[in-house]
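A note on names: the letters A, B, ... follow the listed sequences, proteins ahead of strands, and every chain is numbered from 1.
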There are 2 protein chains.
Amino acid sequence: MSKLAAQPLYRQVLREVMAAIEAGEWDEDESLPSETDLAKRFGVSQGTVRKALDALVADAVLYRRQGVGTFVAGTSDFLLRGLFTTPAGADGVKPSVELLSCVKIHAGEQLAEILGLRRAAALWQVRRLLRVGGQVIGLEEMLLPEANFPSLEMRRIRELKGNLRELCWRDFGVRLKDGQVRYRAVLAGQTEARLLMTDVNEPLLQLVRLAVDFEGRPQVWSVAWLRTEELAFEPPVLSPQV
Amino acid sequence: MSKLAAQPLYRQVLREVMAAIEAGEWDEDESLPSETDLAKRFGVSQGTVRKALDALVADAVLYRRQGVGTFVAGTSDFLLRGLFTTPAGADGVKPSVELLSCVKIHAGEQLAEILGLRRAAALWQVRRLLRVGGQVIGLEEMLLPEANFPSLEMRRIRELKGNLRELCWRDFGVRLKDGQVRYRAVLAGQTEARLLMTDVNEPLLQLVRLAVDFEGRPQVWSVAWLRTEELAFEPPVLSPQV
DNA sequence: GTTACATCTTTTGTCTTATATAAGACCTGT
DNA sequence: ACAGGTCTTATATAAGACAAAAGATGTAAC
């Protein structure tokens, strides 16, 4: 292992492992070589490899099973994650994503700032719809720097069933993870109501997030509007009685 | 150190350290003994103490500064945490909490299930209001098992400026951390509107959370309604143009 | 006297070695 | 066929040695 120094060993190992994953050396849900083997390969001890893998497990890039092995984790879509109470959506209904549009636009001042780009840099604007059991549940707009994702085709997005996170990973080697996430409640305007096929002034959960790559660089900025009334949530709230 | 076995050493150390913190052996922001000293005290190696402290740092019970020491972290309130962009609230405005009520009620079926209590167990129902710069921003209802928090007095809550998390900690030795958190958007009903001093049908962010102690046992169930329009959020959303 | 700088001490952080524990595969006797 | 060892290979834990960072302290130059 090349000792660039100025950086702890386990950090270098982490990078090397990440690079190997990005190079497609091991497939999704495929087991990596054992910690001992990786240790030999990088010329460090098992404990050091372990510390590197620990960090990747914490970032949900890998998962482990004692006595069995360490595996590459899949890349499920952000939008669909953590919205439902049951793991795969209640009642056996499967959420699906419909791609609405994918066009090139130019970054405004604030957005360029947030994504660390020069002003008016080229961006992909991707819009998609989240459906659950036939009903439209959410609308999302995502903005990606064109520089990092040069050829973003609608065909390809459709191929991956709208899973942009997987696309970023497979086609561009960028592994996204959640950065900041902000929530707020808003009323549906005309545009949102039309796209969500619901009424103006329905309350919507607005989700603003900045996804970063595993080095912490901002990569995708997105806003989603969700009809939370319809979601299979926890038992509803107590009746106020004050 | 008593070797109960069936549990790794570092886990036992973790418990002992946690117990010492609960016993008030070290104050908030006070430094613990060095890892080497703790190692001597518990009769284990520094590395083992380190692994125990690692876990507590991950749970934000402790924080560390290389070359300086390890310190007991404070207990800021849940409600106020992570809502603002700037660390202490924008524009120098300080959020404050007003206690509305604190009464004893009986658990419904679902709630008893969630909190792991028998049906109709006694609960404290605490209601409080979040103010920012004079304006009412949020309303929260919290439910705590009376068994775990026997004497909950309004006077005491007021003393701690409404910080229930700190109260649970100081008076009952229960260190709370976030468990599940769910978000949804709802419209203000008459009750919420009246208490929040706003209009019916304003969109509100509803936050349902279950706080657990550091052993993972559910302790506090709460619902909050927040006026997110007023919060100092990220730059507002792009104008839809589809 | 004060300041710049080296050095010492104490602390957390990293790394290796050795050993324990978990899981599954493979025997092997009934 | 199947129940139960035991072998192999994985991750998990523990201890000790050493490195790096931060602050305190001493000291020479001015």
**Study point:** Parallel, tilted or perpendicular: ring planes of B:Tyr183 versus A:Tyr183, cut at 30 and 60 degrees
**Key:** parallel

Exercise for review: Fit a plane to each ring of A:Tyr63 and A:Phe71, take the angle between them on a 0 to 90° scale, and name the class: parallel (under 30°), tilted (30 to 60°) or perpendicular (over 60°).
Suggested key: parallel

Check your understanding: Does the side chain of A:Thr70 get closer than 4.0 angstrom to OP1 or OP2 of D:dT11 through an N or O atom?
Key ->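 True: A:Thr70 side-chain N/O within range (under 4.0 Å) of D:dT11 OP1/OP2.
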
Between [options], which one does the side chain of [X] approach most closely?
X	options	answer
B:Leu9	D:dT11, D:dA15, C:dT12	D:dA15
A:Ser34	C:dC15, D:dA14, D:dA10	D:dA10
A:Thr36	C:dA23, C:dT12, D:dT11	D:dT11

Study note, to complete from the structure: Only residue of A:Leu160, A:Leu176, A:Ile21 satisfying side chain to side chain contact (heavy atoms under 4.5 Å, CB included) with A:Trp169 is A:Ile21

Exercise for review: Looking at every strand, decide which applies to B:Gly69 at a 4.0 Å heavy-atom threshold: base, sugar-phosphate, or nothing.
Suggested key: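 Contact class for B:Gly69: sugar-phosphate only.
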
Check your understanding: Is B:Thr48 touching bases, backbone alone, or none of the nucleic acid, heavy atoms closer than 4.0 Å?
Key -> sugar-phosphate

Exercise for review: Taking only heavy atoms on the protein side, list every residue of residues 17-28 of chain A lying under 4.0 Å from any atom of DNA chain D, sorted numerically.
Suggested key: none

Check your understanding: When you match B:Arg65 and A:Leu53 each to their closest nucleotide on DNA chain D, which lands nearer the 5' end?
Key -> A:Leu53

**Study point:** Qualifying residue for side-chain hydrogen bond (donor to acceptor under 3.5 Å, both in side chains) with B:Asp213, from B:Gln219, B:Lys177, B:Arg175
**Key:** B:Gln219

**Study point:** Side-chain donor-acceptor pair present, A:Gln7, A:Gln12, cut-off under 3.5 Å
**Key:**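 No, because no side-chain N or O of A:Gln7 sits under 3.5 Å from a partner of the opposite role on A:Gln12.
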
Exercise for review: Round to the nearest Å and state the distance from A:Gln46 atom CD to D:dA14 atom P.
Suggested key: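 Result: 14 Å.
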
Practice item. Could you check how far CG of B:Leu38 sits from C1' of C:dT11, rounded to whole Å? Key: 12 Å

Practice item. Tell me, please, which residues at least two apart from A:Arg131 pass side chain to side chain donor-acceptor pair (under 3.5 Å). Key: A:Glu98

Exercise for review: Measure distances between side-chain N and O atoms of A:Glu35 and base N and O atoms of D:dT11, and say whether any donor-acceptor pair falls under 3.5 Å.
Suggested key: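 Result: no qualifying N/O pair found.
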
